[in-house]
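What follows is one structure encoded as structure tokens, with my remarks underneath.
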2 protein chains.
Amino acid sequence: MIAKENIRPGGRSARVQSSVHKAVRELLKEMDRSDLTIPLVATRAGVTPSTIYRRWGDLQELLGDVAVERLQPDGEPLDTGTGRSDLRAWVEQFVDEMSSAPGRALVRDVLATPDATNAGKCCSFTKQQLAIIAKRAEARGEPFADVDVLMDYVVAPIMYRILFDDVPAPAHYHALIDVVMPEQPQRTGLQVAAAVGSAAR
Amino acid sequence: MIAKENIRPGGRSARVQSSVHKAVRELLKEMDRSDLTIPLVATRAGVTPSTIYRRWGDLQELLGDVAVERLQPDGEPLDTGTGRSDLRAWVEQFVDEMSSAPGRALVRDVLATPDATNAGKCCSFTKQQLAIIAKRAEARGEPFADVDVLMDYVVAPIMYRILFDDVPAPAHYHALIDVVMPEQPQRTGLQVAAAVGSAAR
DNA sequence: CGCTAAAAGCAAATATTTTGCGTTAAGCCA
DNA sequence: TGGCTTAACGCAAAATATTTGCTTTTAGCG
């Protein structure tokens, strides 16, 4: 990737970047992504195609760049009173966003980028959101699952299903949450895992 | 996607398909994927570019098509005596394959395809392999985890990390297996989850 | 305020993708 | 088997997209 945010951030360069991003976002709403071309984006952004080629290389890189920006969370997770319900609310919104047609397209664009930094950023966004919820829970003195555990046992199954299989049903992701944050923490891992298994079908 | 396996499978059409696939595989070994073009593939395959455009649409579809084929498992999982060790062996191989540079590229190619059938196939391949291991274990009278549980709690975390984060370490994926198939099934889900959390760091 | 160099613009040269039309050869039915 | 139908291929021209060398603009800095 040629484009980095910290190279010549002021003035024209930044103006070009934002108008190109804006053009991509607009065009993506108006047309099929398979019909999107760099000359089209350039025209809409009021920029020469060669500028885009020089800065981003190809359409895939540009789309990846735009996608990461759009997947950036626009605020803190909702505070609903308890960590558990914060988590449930956040997961619900996460699934909705990621499983929608545009959401899936964004994720694909992020993953399609040859270098992995884009995907890494998305992962970080998610971890940060979960860390905020965890920190709030901790401040309230509530027990709360480790962020890495949540990534492995809640986020990963959801994303895997969205990407490779079918969109997970509410019953399913609720069950995923219940496993790592049971209301009565007495059941064994296997029993709970079995419960999730049945919810998955 | 225009190309489907069951349309005119015999004769010339099949010959073209296989020579194009072969050309892609060969060229991918010889050059960077970003330098690969359809005219190049066409020349190598001894075919007109327009044939490829008409059949596959664009390079991404073609690469996705080739990738699915290459991700197809070439046999049954190794029989190592017990279900648990079969699973451990299979997971180890799975991680190695998927986390290698070419493996990651194949998965990205599969996901980059606009329609989701390619990704679905890969998911099915994995489920089938696990089902074989599960069936063997069952035949031996061993307890064994449900395939859906394995997908959520072993495969998904592994794939998520490979795609979005870092390649999971052996300690980590061993811990994932231990959660769904503990040697002593007494520990609670939370305790085990905590153990995985620490292994992840 | 002037210098330096990174980034943008422009346009010509290349490379690719698309498309219309003729040709080949599977698949099918008598 | 032999002819018929049509999907798939080949070819080449036209339309687009990409690359590249050179010029111009302008951000960053002394």
Side-chain angles (χ1 to χ4, degrees), chain A residues 1-24 26-28 30-66 69 109 112-115, chain B residues 1-24 26-28 30-66 69 109 112-115:
Chain A
M1 179 147 57
I2 305 126
K4 276 283 149 236
E5 16 281 303
N6 37 10
I7 299 168
R8 296 230 171 189
R12 180 163 71 159
S13 212
R15 218 155 44 236
V16 166
Q17 153 133 350
S18 87
S19 80
V20 167
H21 275 219
K22 180 156 162 279
V24 169
E26 285 176 10
L27 288 169
L28 238 30
E30 298 169 19
M31 67 195 330
D32 206 47
R33 105 188 299 84
S34 57
D35 295 333
L36 193 69
T37 64
I38 287 186
L40 258 172
V41 174
T43 302
R44 173 69 64 106
V47 150
T48 324
S50 66
T51 294
I52 298 181
Y53 286 116
R54 285 221 161 89
R55 235 176 117 159
W56 282 277
D58 61 12
L59 189 60
Q60 206 155 67
E61 293 258 19
L62 174 55
L63 288 175
D65 207 32
V66 173
E69 195 176 70
D109 287 343
T113 305
D115 93 298
Chain B
M1 179 149 54
I2 305 126
K4 278 280 149 242
E5 16 280 304
N6 36 10
I7 300 170
R8 295 228 171 190
R12 182 165 69 161
S13 212
R15 219 155 44 235
V16 166
Q17 153 130 352
S18 88
S19 81
V20 167
H21 276 217
K22 180 156 164 277
V24 170
E26 285 176 12
L27 288 169
L28 239 30
E30 297 169 19
M31 65 192 333
D32 207 47
R33 104 187 300 79
S34 55
D35 295 333
L36 193 68
T37 65
I38 287 186
L40 258 172
V41 174
T43 303
R44 175 68 65 106
V47 150
T48 325
S50 66
T51 293
I52 298 181
Y53 287 115
R54 285 222 162 88
R55 236 175 119 159
W56 282 277
D58 61 11
L59 189 60
Q60 207 156 65
E61 292 258 19
L62 174 56
L63 288 174
D65 207 31
V66 172
E69 194 176 72
D109 287 342
T113 305
D115 94 297

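Per chain, numbering begins at 1; letters A, B, ... match sequence-line order.
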Original post:
What nucleotide, of D:dG10, C:dA8, C:dT16, holds the atom closest to the side chain of B:T37?
Top reply: C:dT16
Subject >> Point-to-point distance, once rounded to the nearest 0.5 Å, from CG of A:L62 to CD of A:Q60 >> reply: 11.0 Å
Original post:
Do the side chain of B:T37 and the main chain of B:L40 share a donor and acceptor less than 3.5 angstrom apart?
Top reply: yes
Subject >> A:D58 CG to D:dA17 P, straight-line distance once rounded to whole Å >> reply: 15 Å
Original post:
Of B:V16 and A:L40, whose closest DNA chain D nucleotide lies nearer the 5' terminus?
Top reply: B:V16
Subject >> Minimum-distance nucleotide to A:R12 side chain [options: D:dG10, D:dA27, D:dA17] >> reply: D:dA27
Subject >> Between C:dT18 (C1') and A:D35 (CG): distance, integer Å >> reply: 13 Å
Original post:
For D:dA8, does either OP1 or OP2 sit under 4.0 Å from a side-chain N or O belonging to B:R54?
Top reply: no
Original post:
Rounded to whole angstroms, how far apart are CD1 on A:I38 and P on D:dT16?
Top reply: 17 Å
Original post:
Once you round it to whole Å, what is the distance between P of D:dA8 and CH2 of B:W56?
Top reply: 11 Å
Original post:
With respect to the side chain of B:T48, which nucleotide from D:dC11, C:dT16, C:dC10 is positioned closest?
Top reply: D:dC11
Subject >> Close side-chain approach of B:W56 to B:I38, heavy-atom, < 4.5 Å >> reply: no
**OP:** Using whole Å, report how far CZ of B:R15 lies from C1' of C:dT24.
**Re:** 11 Å
Original post:
Rounded to whole angstroms, how far apart are CZ on B:R55 and C1' on D:dG10?
Top reply: 14 Å
Original post:
Atom CG of A:L27 and atom NZ of A:K22: how far apart are they, to the nearest 0.5 Å?
Top reply: 10.5 Å
**OP:** Would you mind reading off the distance between A:L59 atom CG and C:dT17 atom P, rounded to a whole angstrom?
**Re:** 13 Å
Original post:
Should A:V66 and A:L28 count as side-chain neighbours, where that means a heavy-atom distance under 4.5 Å?
Top reply: no
Original post:
Looking at C:dC10, C:dA26, C:dA8, which one has an atom nearest to any side-chain atom of A:S50?
Top reply: C:dC10
**OP:** Report yes if a side-chain nitrogen or oxygen of B:Y53 is closer than 4.0 Å to either non-bridging phosphate oxygen (OP1 or OP2) of C:dT18; otherwise report no.
**Re:** no
**OP:** Please check the phosphate of D:dA8 (OP1 and OP2 only) for any side-chain N or O of B:S13 closer than 4.0 Å.
**Re:** no
